[in-house]
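Chain letters run A, B, ... following the sequence lines, proteins first and then strands; every chain starts at 1.
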Amino acid sequence: MSFKRPRGTADILSEDQPYWSHVYATGRRVAGQFGYSRIDTPTFEDTSLFQRGVGDATDIVQKEMYSFQDQGDNPLTLRPEGTASVCRAYIENGFQSGPQPVRMFYMAPMFRYERPQAGRWRQHHQFGVEAIGDQSPEIDAEVIELGWKYIADLGIHGVKLRVNNLGDPEGRADYISDLDQYFTERIDQLAKIDRDRLQRAPLRVLDSKVEETQQLADNAPKSIDYIGGETKDHWEALLMLLDNLKTIYPEFSYDVDHRLVRGLDYYNRTVFEYEPSNAGSQGTLLAGGRYDPLIGILGGQETPGIGFGSGIERMILEMKKQEVMVAQPAGPEIVVVALGDAGVAAAGLATALRAVDISTVLAPKRSMKAQMRYANNQNAANVVILGDREVENGVASVKSLTEGGDQSEVALDAAAIAAHVRYTKNQ
RNA sequence: GUGGGCGUAGUGAAGAGGUUAUCACGCUAGGUUGUGGCCCUGGAGACGAGGGUUCAAUUCCCUCCGCUCACCCCA
């Protein structure tokens with residue numbers, strides 16, 4: 001055979017475009033409602049940005065990056081996620097000198113070399129937001145609320161929020177060592193996969209999919225028991241703000257889930273995920289958290305930040321599952337059907353109609369029957385029939401394609417035809 | 001990286017070790033000399049690749065490739 005698209009990529013065909021338009025429009029609108037403005041960063045960045053930002057030890061950096069060298073031997077990587085790039089842009093463009101916090105959103109393709117499966121692609125798209133330069137719990141709640149409104153406005157129901165607090169880097173060592181000890185004492189009850197996890201990333205044992213491990217994890221030490229002082233105040237204030245959201249959004253609800261951890265190194269304190277209650281294996285629709293250390297790690301001055309990323313493909317999957325209706329694009333207002341020697345006149349008429357903002361498509365030059373069928377398949381509102389007869393008389397036959405639509409002769413003039421179809425449309 | 005399932009026209013399916021591989025939808029031409037949808041008749045279009053077994057393989061076997069689901073991980 002011939003060429004095929006690379007594994008894990010998709011052609012987004014016209015039948016799916018209404019979903020994409022809906023998601024993009026909703027993202028833009030909701031972000032705007034919260035005062036977030038759009039930022040577009042390059043599709044590729046220096047490889048070291050992600051090594052430092054996402055974390056050298058993470059799976060994303062270890063085995064999932066699309067890295068390459070360009071002709072100048074520069075090590076570059078197709079972006080696997082959005083936060084590192086936005087923070088780089090924040091530092092590089094001197095945003096810290098402007099009013100804080102800086103609220104930004106992005107919609108862009110992300111690239112990860114993984115085995116594709118339901119809800120997972122090598123090229124996928126994310127809508128994400130970042131609020132940088134504010135450490136108050138109010139901004140945590142704002143980002144969480146924005147995520148909720150986005151999902152709700154997409155028309156998706158039955159989604160639950162899970163939140164946790166990972167504490168701060170200083171205090172986390174104590175927690176991880178206690179957690180390590182807890183699981184090590186019970187290592188004979190752990191599946192092999194979880195023993196490996198315990199070696200690599202003790203926190204990840206908490207969100208294991210192995211049922212026996214889950215039971216152990218329920219009774220494991222909790223990160224929220226290891227936070228204190230300002231971190232604890234922040235956490236308790238956030239929970240009150242979330243309770244407040246419940247009174248505004250009737251469907252909103254959340255669970256504190258001490259087993260919620262994240263796979264990227266930069267998170268601290270607040271982490272959260274939105275997931276449908278009946279989710280499949282790749283069910284997380286939107287996930288994020290606070291990343292106060294990140295800007296510093298990337299060489300900027302210490303600046304707090306919080307944000308989320310959400311997979312557009314997963315949103316669309318869920319919308320289809322829940323049979324969310326999206327607006328379908330209308331067909332052209334006019335399909336011009338040309339007969340005999342009227343081809344040139346028909347093309348000229350189509351041009352004139354578009355010039356007066358009537359969407360117009362020229363039918364392929366075939367039999368009249370075929371042209372009519374074409375117009376019907378295009379979902380056209382009207383056909384304009386132009387044959388030798390009409391051209392001779394200086395008229396065009398305009399026919400509505402609605403059921404029992406009538407046909408009348410109109411002067412062969414774009415303005416007159418435009419007026420006619422606009423008039424009948426409003427009847 | 002690991003494991004399961006699956007590869008037949010554009011799509012969805014059926015099929016048999018042996019002349020021309022079947023059906024539906026879609027596409028296309030006509031029935032209707034210039035009128036779409038419904039109906040009728042025709043046409044184009046497919047066995048993923050390589051190897052093996054066999055007189056004969058699209059069918060059985062193997063390998064590869066691809067798709068898909070799950071794990072790992074993540075949006």
Taking atom P of B:A75 as reference, at what distance in whole Å does atom CD1 of A:Ile316 sit?
-> 18 Å
Backbone of A:Leu190 reached by a side-chain donor or acceptor of A:Arg195 within 3.5 Å | yes
Cationic tip of A:Arg103 above A:Phe105 ring, under 6.0 Å, 45° of axis = no
Between P of B:U33 and CE of A:Met368, the distance in whole Å = 10 Å
How close or far is atom C1' of B:C74 from atom CD of A:Glu313, stated in whole angstroms?
-> 13 Å
Touch class at under 4.0 angstrom, heavy-atom based, for A:Ala375 against every strand present | nothing
Pairwise P distance for B:G31 and B:C23, with rounding to whole Å | 25 Å
A:Ile334 has an atom CD1; how far is it from atom C1' of B:U35, in whole Å?
-> 16 Å
Map A:Thr284 and A:Ile193 onto RNA chain B by nearest heavy atom, then report which one ends up closer to the 5' terminus.
-> A:Ile193
Using a cut-off of strictly less than 4.0 Å, decide whether A:Asn377 has a side-chain nitrogen or oxygen near OP1 or OP2 of B:C27.
-> yes
Complementary nucleotide for B:C73 - Watson-Crick or wobble, under 3.5 Å = none
Which part of the nucleic acid, if any, lies within contact of A:Arg389, taking any heavy atom under 4.0 Å across all strands shown: a base, the sugar-phosphate backbone alone, or nothing?
-> base
For B:G3, does OP1 or OP2 lie under 4.0 Å from any side-chain N or O of A:Arg115?
-> no
Rounded to whole angstrom, note down the C1' distance from B:C39 over to B:G15.
-> 30 Å
Could you work out the separation of B:U58 and B:A21 based on their P atoms and round it to a whole Å?
-> 13 Å
How far, in whole Å, is B:G4 from B:C47 if one measures between their P atoms?
-> 29 Å
Could you check whether A:Ala380 gets within reach of a base, just the sugar-phosphate, or nothing at all, counting any heavy atom under 4.0 Å?
-> nothing
Quick one: does A:Lys4 reach the base of B:G48 with a side-chain donor-acceptor pair under 3.5 Å?
-> no
From B:A75, B:C71, B:C67, pick the nucleotide closest to the side chain of A:Arg262?
-> B:A75
Across the strands shown, which category fits A:Gly119 at heavy-atom distances under 4.0 angstrom: base, sugar-phosphate, nothing?
-> base
Check every atom of B:A75, B:G34, B:G36 against the side chain of A:Arg314 and return the nucleotide holding the closest atom.
-> B:A75
What integer number of Å spans the C1' atoms of B:U2 and B:U11?
-> 33 Å
Looking at A:Arg112, does any N or O in its side chain come under 4.0 Å of the phosphate oxygens OP1/OP2 on B:C73?
-> no
Atom CZ of A:Arg366 and atom P of B:G34: how far apart are they, to the nearest Å?
-> 17 Å
Identify whether any heavy atom of A:Glu275 sits under 4.0 Å from a base atom; if not, whether one sits that close to sugar-phosphate; answer base, sugar-phosphate or nothing.
-> nothing
Verify side chain to side chain contact (heavy atoms under 4.5 Å, CB included) between A:Arg122 and A:Tyr113, making sure each step is shown before the conclusion.
-> CA-CA 6 Å; A:Arg122 288 187 172 181; A:Tyr113 183 84; 3.2 Å; yes
A:Arg197 side-chain N/O to B:C73 phosphate OP1/OP2 under 4.0 Å = yes
Going through the checks in order, is the side chain to side chain contact (heavy atoms under 4.5 Å, CB included) test met by A:Arg269 and A:Ile227?
-> CA-CA 9 Å; A:Arg269 294 197 181 180; A:Ile227 61 176; over 6 Å; no
With P as the reference atom in both, quote the distance from B:G52 to B:A13 in angstrom, rounded to an integer.
-> 33 Å
Given B:G1, is OP1 or OP2 found less than 4.0 Å from the side-chain N or O atoms of A:Lys63?
-> no
Taking CG from A:Leu78 and P from B:A75, how many angstroms apart are they, rounded to a whole number?
-> 17 Å
Can you tell me if the side-chain N/O atoms of A:Gln371 get under 4.0 Å from OP1 or OP2 in B:U35?
-> no
With a 4.5 Å limit on heavy-atom distance, are the side chains of A:Phe111 and A:Thr43 in contact?
-> yes
Sidechain-backbone polar pair: A:Asn165 side chain, A:Trp235 backbone, donor-acceptor under 3.5 Å = no
Mapping A:Ser367 and A:Arg204 to their closest nucleotides on RNA chain B, which lands nearer the 5' end?
-> A:Ser367
So what does A:Arg373 touch, heavy atoms closer than 4.0 Å: a base, only the sugar-phosphate, or nothing?
-> sugar-phosphate
Start with the C-alpha distance between A:Lys320 and A:Asp16, add both sets of side-chain angles, then the distance that settles side chain to side chain contact (heavy atoms under 4.5 Å, CB included), and finish with yes or no.
-> CA-CA 10 Å; A:Lys320 288 179 175 173; A:Asp16 259 357; 2.9 Å; yes
Donor-acceptor pair under 3.5 Å: do we get one between A:Lys369's side chain and the base of B:U35?
-> no
Nearest whole angstrom, please: distance from the C1' of B:G12 to the CD of A:Glu15.
-> 14 Å
Determine whether any donor atom in the side chain of A:Glu114 lies under 3.5 Å from an acceptor atom in the base of B:G1, or the reverse, and answer yes or no.
-> no
Starting at atom CD of A:Gln117, determine the distance to atom C1' of B:G1, rounded to an integer number of angstrom.
-> 14 Å
A:Gln126 side chain N/O closer than 4.0 Å to the phosphate oxygens (OP1, OP2) of B:A75?
-> no
Counter-base of B:C55, judged by Watson-Crick or G-U geometry with both distances under 3.5 Å | B:G18
If the C1' atom of B:C25 is compared with that of B:A44, how far apart are they to the nearest Å?
-> 16 Å
Paired to B:C6 by Watson-Crick or G-U wobble criteria (both distances under 3.5 Å) is B:G66
May I ask you to say what A:Asp196 touches in the nucleic acid, namely base, sugar-phosphate or nothing, with a heavy-atom cut-off under 4.0 Å?
-> nothing
Once you apply the 3.5 Å cut-off to both distances, tell me the Watson-Crick or G-U wobble partner of B:G26, or none.
-> none
Are A:Asn382 and A:His420 linked by a side-chain donor-acceptor pair shorter than 3.5 Å?
-> no
Please measure how far the C1' atom in B:A46 lies from the corresponding atom in B:U59, and state the result in whole Å.
-> 15 Å
How is A:Gln407 classified with respect to the nucleic acid when contacts are heavy atoms under 4.0 Å: base, sugar-phosphate, or nothing?
-> base
Answer whether the closest heavy-atom distance between the side chains of A:Ile132 and A:Met104 falls below 4.5 Å.
-> yes
